[in-house]
Amino acid sequence: MTEVRELKYRQWFRGADVDGDGVITRQDVRLMGERYIAARGAVPEAATARRLTEGLDAFWATVIAPMDQDGDGKVDLREMTEGFRQALADPALYSQQVGPVADCYFDLIDLDGDDRIDRAEFAEIFGQAGNVSPEDCAAVFNALDLDGSGGLDRGEFHQALTEFFYGEDPDAPAAHLFGKIPS
């Protein structure tokens with residue numbers, strides 16, 4: 001794994017470590033979902049919120065928890081980075097590994113249900129719930145909006161996440177999806 005992917009994963013880790021204690025636990029993964037649900041003003045009982053919670057539970061069980069090398073129920077940055085390096089080695093597996101959770105997030109971010117994420121929706125989620133600066137949100141959104149439509153469709157969103165988790169280009173807009181990585 002390259003230094004670029006390590007930097008991106010570190011950014012993701014900082015967002016996933018919701019309570020800031022230096023480790024990711026099942027509770028952090030749940031709180032991450034609750035943070036997104038609350039930022040959208042959705043109720044936890046809503047179908048999309050339930051799907052997100054179930055998807056994150058599966059993401060914990062199948063991707064994050066197996067990274068816990070010492071069995072303490074916590075995944076630190078080293079364990080997560082090594083785990084991502086092993087689990088996310090093949091972009092062809094995106095549709096099984098990341099895709100289902102990404103679809104849940106897309107549906108949750110797309111509050112008005114028009115099957116696209118507009119600039120305001122993007123800034124609200126990645127800014128408010130993801131702790132990304134407004135300037136970085138605007139720059140990333142503009143670069144990810146490949147067709148210049150003013151919104152990200154599901155394909156553009158998946159392309160961004162594929163680039164984030166599997167890509168090696170530090171200048172790719174999606175490299176900064178969860179916050180600007182140092183260059």
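The basis for the numbers below is simple: all heavy atoms, side chains too, and nothing from hydrogens, waters or symmetry mates.
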Please check if any side-chain donor atom of Arg14 sits under 3.5 Å from a side-chain acceptor atom of Gln11, or the reverse.
-> yes
Name the orientation class of the two ring planes belonging to Trp12 and Phe84 (parallel below 30°, tilted from 30 to 60°, perpendicular beyond 60°).
-> tilted
Flag the pair Asp21 and Lys74 as a salt bridge only when some basic side-chain nitrogen lies within less than 4.0 angstrom of an acidic carboxylate oxygen.
-> no
Where do Tyr9 and Glu82 land on the side-chain hydrogen bond (donor to acceptor under 3.5 Å, both in side chains) test, with the steps shown first?
-> CA-CA 10 Å; Tyr9 294 167; Glu82 191 173 307; over 6 Å; no
About how many Å separate CD1 of Ile24 and CD of Glu79, when rounded to the nearest 0.5 Å?
-> 10.0 Å
What is the minimum heavy-atom distance between Trp60 and Val75, and which atoms define it?
-> CH2-CG2, 4.4 Å
Distance col, row Leu77:CG vs Arg10:CZ, nearest 0.5 angstrom, shows 5.5 Å
So, the side chain of Asp110 versus the backbone of Asp114: is there a donor-acceptor pair under 3.5 Å, distance only?
-> yes
Please identify each residue that fulfils ring-ring contact (aromatic ring centres under 6.0 Å, His included) with Phe106, with sequence neighbours left out.
-> Phe157
Listed partners of Phe141 passing ring-ring contact (aromatic ring centres under 6.0 Å, His included), at least two apart = Phe122
Can you check whether Leu144 reaches Glu156 side chain to side chain, under 4.5 Å on heavy atoms?
-> no
For the pair Asp28 (side chain) and Val18 (backbone), establish whether a donor and an acceptor sit closer than 3.5 Å, ignoring hydrogens and angles.
-> yes
Residues passing the side-chain contact (heavy atoms from CB on, under 4.5 Å) test with Asp107, sequence neighbours excluded, are Thr48, Arg51, Arg154
Answer yes if the ring centres of Phe164 and His176 are under 6.0 angstrom apart, and no otherwise.
-> no
Given side chains that start at C-beta, do those of Leu177 and Val140 come closer than 4.5 Å, heavy atoms only?
-> yes
